[in-house]
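Down below is the structure, laid out as structure tokens.
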Amino acid sequence: MNLKVCDNKEEIGRCAATIFASQVLRKEDSVLGLATGSSVLTTYAEMVKDYQAGITDYDFITTFNLDEYCGLSPTHEQSYSFFMKENLFSEINIRSENINFPDNENLYYDSRIKKAGGIDLQLLGIGHNGHIAFNEPCEHFPYNTHTVALSDSTISANSRFFKSADEVPKKAVTMGIGTIMKAKSIVLLAYGKEKADAVNKMVNGKITPSCPASILQLHNNVTVMIDTEIFNELH
Ligand code: GLP
């Protein structure tokens with residue numbers, strides 16, 4: 001794992017967007033794996049700036065998002081489709097037919113990714129309990145895209161976006177750990193000391209499905225970008 005320590009979330013966003021810009025410049029029909037959550041917001045803002053500055057072009061780019069809540073329509077303000085539209089897709093020239101989200105046809109998501117040539121660059125955040133996408137701590141690493149019951153800790157963390165925890169969907173569809181591990185390169189972003197424990201377990205802990213992100217130690221091209229608050233807590 002490459003560890004890049006940045007001053008703050010703004011610098012994380014600039015660095016991550018630079019990695020995306022180089023990917024898109026190197027391969028105009030790149031397949032990008034995208035994530036939602038607060039950790040990726042500064043990256044998307046910088047990617048939009050790069051597009052507006054004429055540095056990047058998304059005309060031939062295909063995207064596959066990591067996950068989506070079950071039971072929310074794409075127009076629901078808390079759906080991940082809505083998040084992506086608001087923060088990235090409506091601001092760049094990506095074709096709507098090249099945007100993919102996992103849905104109930106879980107089995108086909110992995111084959112659609114394969115058919116597209118595989119994910120060149122995957123963006124990830126990390127949950128407080130070490131989850132990636134919606135792969136929650138469990139007994140084994142789930143392989144393919146699948147439906148999951150969200151853990152109480154994830155429901156409570158994500159309830160900040162809803163009126164109450166009761167409104168947070170209890171299930172989601174997510175890329176599996178195998179799906180994520182097949183990406184050719186991965187960038188994971190985390191900032192703020194409340195993520196320090198999860199990052200520490202991911203980077204220094206034992207590889208175990210009780211910290212799903214720990215599997216990334218076995219991937220040969222992962223860059224973890226953290227801020228100094230997390231770095232100071234690593235041991
Ligand atoms: C959700 C998403 C994850 C994301 C995580 C962390 O559970 N499914 O993909 O990494 O939240 O979100 P945040 O960046 O807001 O802390």
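Order of listing sets the numbers, starting from 1, for every ligand and every atom in it. All values below come from the heavy atoms of this structure, side chains included, with hydrogens, waters and symmetry mates left out.
- Y80 pairs with exactly one of F64, Y69, F101 by the ring pair (Phe, Tyr, Trp, His ring centres under 6.0 Å) rule, that one being Y69.
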- request: Start with the C-alpha distance between E46 and K49, add both sets of side-chain angles, then the distance that settles salt bridge (charged side-chain N to carboxylate O under 4.0 Å, His left out), and finish with yes or no.
  value: CA-CA 5 Å; E46 293 294 329; K49 280 190 204 158; 3.2 Å; yes

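- Protein heavy atom at the shortest distance from atom 11 (O) of ligand 1 is H131 NE2, 3.9 Å.
- With a 4.5 Å cut-off on side-chain heavy atoms, M84 and T63 do not count as touching.
- Counting only heavy atoms of the protein, atom 4 (C) of ligand 1 lies nearest to T36 O, 3.8 Å.
- Under a 4.0 Å criterion applied to the non-hydrogen atoms of G125, ligand 1 contributes the atoms 10 (O).
- The atoms of ligand 1 that sit less than 4.0 Å from any heavy atom of N158 are 1 (C), 7 (O).
- Looking only at protein heavy atoms, the nearest one to atom 2 (C) of ligand 1 is Y80 OH, 3.7 Å.
- Formation of a donor-acceptor pair under 3.5 Å by the N65 side chain with backbone atoms of D67 is not found in this model.
- No more than 12 heavy-atom neighbours from other residues, nucleotides or ligands sit within 6.0 angstrom of NZ on K85.
- When only non-hydrogen protein atoms are considered, atom 8 (N) of ligand 1 lies nearest to D67 OD2, 2.8 Å.
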message: One pair to check against salt bridge (charged side-chain N to carboxylate O under 4.0 Å, His left out): K27 and D120. What are the steps and the verdict?
response: CA-CA 9 Å; K27 188 177 170 215; D120 292 301; 2.8 Å; yes

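- Shown here is K170, whose NZ atom has more than 12 heavy atoms of other residues, nucleotides or ligands within 6.0 Å.
- Taking 4.0 Å as the cut-off, R160 counts as a neighbour of ligand 1 on heavy-atom distance.
- Annotation for E77: atom CD does not count as buried by contact number, only 12 or fewer foreign heavy atoms lying within 6.0 Å.
- At the shortest separation from atom 14 (O) of ligand 1 among protein heavy atoms lies S39 OG, 2.5 Å.
- Taking a 4.0 Å cut-off on heavy atoms, A35 fails to register as neighbouring ligand 1.
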message: Between K201 and D197, is the salt bridge (charged side-chain N to carboxylate O under 4.0 Å, His left out) condition met? List the steps.
response: CA-CA 6 Å; K201 286 183 176 139; D197 186 46; 3.1 Å; yes

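- With hydrogens left out, the protein atom closest to atom 16 (O) of ligand 1 is K195 NZ, 2.6 Å, a heavy atom.
- The closest protein non-hydrogen atom to atom 3 (C) of ligand 1 is A133 O, 3.5 Å.
- Residue, atom and distance of the protein heavy atom nearest to atom 13 (P) of ligand 1 are S38 OG, 3.4 Å.
- When heavy-atom distances to ligand 1 are checked against a 4.0 Å cut-off, I126 comes that close only through its backbone atoms N, CA, C and O.
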